[in-house]
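Just so you know, these numbers use all the heavy atoms, side chains as well, and skip hydrogens, waters and symmetry mates. Please read these numbers as outputs of a predicted model, since none were measured by experiment.
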Amino acid sequence: MTKKILLYGINFAPELTGIGKYTGELAAWLTTRGHQVRVVTAPPYYPAWKVGTGFRNGWSVEDIRGEGRLQVRRCPLWVPRQPGGIKRMLHLASFALSSFPVMLRQIVWRPDVVWVVEPALFCAPTAVVVARLCGAKAWLHVQDFEVDAAFDLGLLRGRFLRGLVAGAERWLMRRFDVVSTISQRMHQRLLDKGVAPAKARLAVNWVDMAAFALPCADGVAAYRRELNILDGAVVALYSGNMGGKQGLEVLADVARLCLDNAAPGYADANPTYKSIVFVFCGNGAGRADLVARCAGQPNVRFLDLQPADRLPDLLATADIHLLPQKAEAADLVMPSKLTGMLASARVVVASAHAGTELATVVQTCGLVVPPGDAVAFAQAVRGLAGDAALRERLGAAGFLYAQAHLDREAVLSVFEAQLNFLPG
């Protein structure tokens, strides 16, 4: 049964990471299934925090697939150079305001489903209003509990303010016909916030497993040449957004602690010696600080975010994937970059407390260390660098997990089935 689906959110393709990547892929996939899709979004700006080349910060319409099957309406927003706290709130509010009249005009199109993604929760009221006025179902998809994260990470402060905002969030969530999120722990948090069990859904992020099944030896070799990485060196890779929730500062310390692998006499005293090269790939508000922290470290390379068609080769270049995360962000977000890491069949070292969902997933296909503990992180990296068999075994386990739980066709087929059986 084909439907008219209105997708609403601040991030969309051609952004290469995070919510924009997934919403863009969702829209494209739905059109291949015969659905008509309209998107109300902003010009691409993330994670560089500046409007992308070739886009203007204004209102525009793009007919991407022709015949009205996928139309994208972009609305202007304020993009701060250094996001944080009140600036981030104003940034989100600016899009909510500029997109409001555009969303109202979609009522005459009469969508069957109005799907809105959080962040930004500022957009949720408009989504509910439009859905009610045109008789559509309202679906909120939570990629990130932005209210909880903003207070837990110190971006916003004050008990009274937190109570006020949390109360508004709970009230808004109860207005939706469906509320979905991307992990089991986040699903439980929906229930804790008062979402009825019959309305709560699990809708995990996905990965295109077919893209990782293709031979990529030439692509891997090309990256090693570009980055001047010698044969035999072990590559430890971080690839993704460089923002506030990642706890990236620990990576500079980990790279520094692994420098003594190259110290005189170290190789003779350690039969499992391997030179370790750290590759930090990404853009975002935290990149400049990470570059400064790594100044003068010869075992560190930096890359900008890579095109989507090169991502499988980049991830396969890694021998070890690095996944730092601040303790305060545990179970408020599930790092979307993990899907590609697992699909690449490479071992993961993640920082997470025991019992969190991230730790539960990674412990079957990698090593988990306490958040912020650079010494433990470095020990894990060095141990894996010297044990190729363990890296291969854990990487294979990650691939099997991705194949069983994260394949794009399977995940989105479940989503499509849920569209056809929305609560009355």
Go through it in stages, so that I can follow the logic: the residues are Lys137 and Phe176, the test is side chain to side chain contact (heavy atoms under 4.5 Å, CB included), and I'd like the CA-CA distance, side-chain angles, deciding distance and then a yes or no. CA-CA 8 Å; Lys137 298 298 184 182; Phe176 282 86; over 6 Å; no
In a table with atom names and distances, give each donor-acceptor pair under 3.5 Å that connects a side chain of residues 364-371 to protein atoms at least two apart or in another chain.
unit_1	atom_1	unit_2	atom_2	d
Thr364	OG1	Val361	O	2.8

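- Taking both residues in full, the closest heavy atoms of Ala27 and Leu7 are given as CB-CD1, 3.7 Å, listed atom of the first, atom of the second, then distance.
- Counting heavy atoms from C-beta outward, Met173 and Val142 have side chains that approach closer than 4.5 Å.
- At distances below 3.5 Å, at least one donor-acceptor pair connects side-chain atoms of Gln306 with backbone N or O atoms of Asp304.
- Within the 3.5 Å criterion, the main-chain N or O of Ala42 finds a donor-acceptor partner in the side chain of Arg74.
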Dump the intermediate steps for side-chain hydrogen bond (donor to acceptor under 3.5 Å, both in side chains) on Gln188 and Asp192, then the final yes or no. CA-CA 6 Å; Gln188 181 58 50; Asp192 294 342; 3.0 Å; yes
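- The shortest distance between side-chain heavy atoms of Leu303 and Leu314 falls below 4.5 Å.
- Arg110 contributes a side-chain N or O that, together with a main-chain N or O of Cys134, makes up a donor-acceptor pair within less than 3.5 Å.
- At a threshold of 4.0 Å, the pair Arg132-Asp177 counts as salt-bridged, since one of the basic side-chain nitrogens sits closer than that to a carboxylate oxygen.
- Residues satisfying the ring-ring contact (aromatic ring centres under 6.0 Å, His included) test with Tyr238, not counting sequence neighbours, are none.
- By the 4.5 Å heavy-atom criterion applied to side chains, Val349 and Leu323 are not counted as neighbours.
- Checking each of Phe122, Tyr46, Trp49 against His91 for a ring-ring contact (aromatic ring centres under 6.0 Å, His included) leaves exactly one that passes, namely Trp49.
- Not a single side chain to side chain donor-acceptor pair (under 3.5 Å) links Arg224 to another residue, sequence neighbours left out.
- Scored by the side chain to side chain donor-acceptor pair (under 3.5 Å) test, Glu409 finds Trp29 as partners (sequence neighbours excluded).
- Here Glu62 contributes atom CD and Arg73 contributes atom CZ; the two are 10.5 Å apart, rounded to the nearest 0.5 Å.
- In this structure, Tyr45 has its ring center no closer than 6.0 Å to that of Trp78.
- Partners of Pro125 under the side-chain contact (heavy atoms from CB on, under 4.5 Å) rule, at least two apart in sequence or in another chain, are Leu172.
- Residues meeting the side-chain contact (heavy atoms from CB on, under 4.5 Å) test with Val291, sequence neighbours left out: Arg287, Phe302.
- Listed by chain and residue number, Lys21, Trp206, Arg408 satisfy the side-chain contact (heavy atoms from CB on, under 4.5 Å) test with Glu25 (two or more places apart in sequence, or in another chain).
- Contact of the Leu26 side chain with the Phe415 side chain is registered, since non-hydrogen atoms from C-beta on lie closer than 4.5 Å.
- Of the possible donor and acceptor atoms, none in the side chain of Ser351 sits under 3.5 Å from a partner among the backbone N and O of Gly372.
- Residues Gln403 and Asp407 bring no donor and acceptor atom of their side chains to less than 3.5 Å of each other.
- In terms of heavy atoms, Phe377 sits closest to Val254 at CB-CG2, 3.6 Å.
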Output, in order, the C-alpha distance, side-chain angles, deciding distance and verdict of side chain to side chain contact (heavy atoms under 4.5 Å, CB included) for Leu6 and Trp115. CA-CA 6 Å; Leu6 178 59; Trp115 182 97; over 6 Å; no
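- Using a 4.5 Å heavy-atom cutoff, the side chains of Ile10 and Cys123 are not in contact.
- With sequence neighbours excluded, the residues that form a salt bridge (Lys or Arg N to Asp or Glu O under 4.0 Å) with Asp289 are Arg293.
- A donor-acceptor pair is defined here as one N or O able to donate and one able to accept, closer than 3.5 Å; no such pair exists between the side chain of Arg88 and the backbone of Pro83.
- Under a 3.5 Å cut-off, the side chain of Glu146 and the backbone N or O of Leu121 do form a donor-acceptor pair.
- Partners of Asn299 according to the side chain to side chain donor-acceptor pair (under 3.5 Å) rule, which considers only residues two or more places apart in sequence or in another chain, do not exist here.
- For Arg201, there are no side chain to side chain donor-acceptor pair (under 3.5 Å) partners two or more places apart in sequence or in a different chain.
- Between the side chains of Ser344 and His321, at least one donor N or O sits under 3.5 Å from an acceptor N or O.
- Contact of the Val114 side chain with the Ile5 side chain is not registered, since no non-hydrogen atoms from C-beta on lie closer than 4.5 Å.
- To the nearest 0.5 Å, atom OH of residue Tyr22 and atom CD of residue Gln143 are 8.0 Å apart.
- Side-chain atoms of Thr31 come within 3.5 Å of backbone N or O of Ala28 as a donor-acceptor pair.
- Two residues are said to be in side-chain contact when any heavy atoms from C-beta on lie closer than 4.5 Å; Val277 and Val234 fail this criterion.
- Side chain to side chain, Thr2 and His35 fail the donor-acceptor criterion of an N or O pair below 3.5 Å.
- When all heavy atoms of Leu251 and Leu322 are compared, the pair lying nearest together is CD2-CD1, 4.0 Å.
- Between Met334 and Glu357, the closest side-chain pair of non-hydrogen atoms falls below 4.5 Å.
- With sequence neighbours excluded, no residue forms a salt bridge (Lys or Arg N to Asp or Glu O under 4.0 Å) with Arg170.
- The cationic atom of Arg38 (NZ for Lys, CZ for Arg) does not lie both less than 6.0 Å from the six-membered ring centre of Tyr8 and within 45° of the ring axis.
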What do the steps show when you test Asp148 against Arg189 for salt bridge (Lys or Arg N to Asp or Glu O under 4.0 Å), and what is the final call? CA-CA 11 Å; Asp148 295 340; Arg189 190 174 286 257; 3.0 Å; yes
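- Ser99 places no side-chain N or O within 3.5 Å of a backbone atom of Val102 that could act as its donor or acceptor partner.
- Between Met209 and Ala343, the shortest heavy-atom distance links the atoms SD-CB, 3.7 Å.
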Derivation of the side chain to side chain contact (heavy atoms under 4.5 Å, CB included) call for Glu249 and Lys326: CA-CA 10 Å; Glu249 58 275 2; Lys326 289 184 175 179; 3.9 Å; yes
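- Nearest heavy-atom pair, Pro119 versus Ile19, reported as atom, atom and distance to 0.1 Å: CD-CD1, 3.3 Å.
- We find the CG-CG distance between Asn283 and Leu16 to be 9.0 Å, quoted to the nearest 0.5 Å.
- The two residues His187 and Leu202 have their closest heavy-atom pair at CD2-N, 4.0 Å.
- Summarising the geometry, atom CG belonging to Asp112 is positioned 9.0 Å from atom CD belonging to Gln36; distances are rounded to the nearest 0.5 Å.
- Arg301 contributes atom CZ, which lies 11.5 Å from atom SG of Cys294 (distance to the nearest 0.5 angstrom).
- With sequence neighbours excluded, the residues satisfying side-chain contact (heavy atoms from CB on, under 4.5 Å) with Arg56 are Ser60.
- For the atom pair Leu422 CG and Lys3 NZ, the distance stands at 6.5 Å (nearest 0.5 Å).
- Judged by distance alone, with hydrogens and angles left aside, the side-chain atoms of Arg185 form no donor-acceptor pair with the main-chain N or O of Leu358 at under 3.5 Å.
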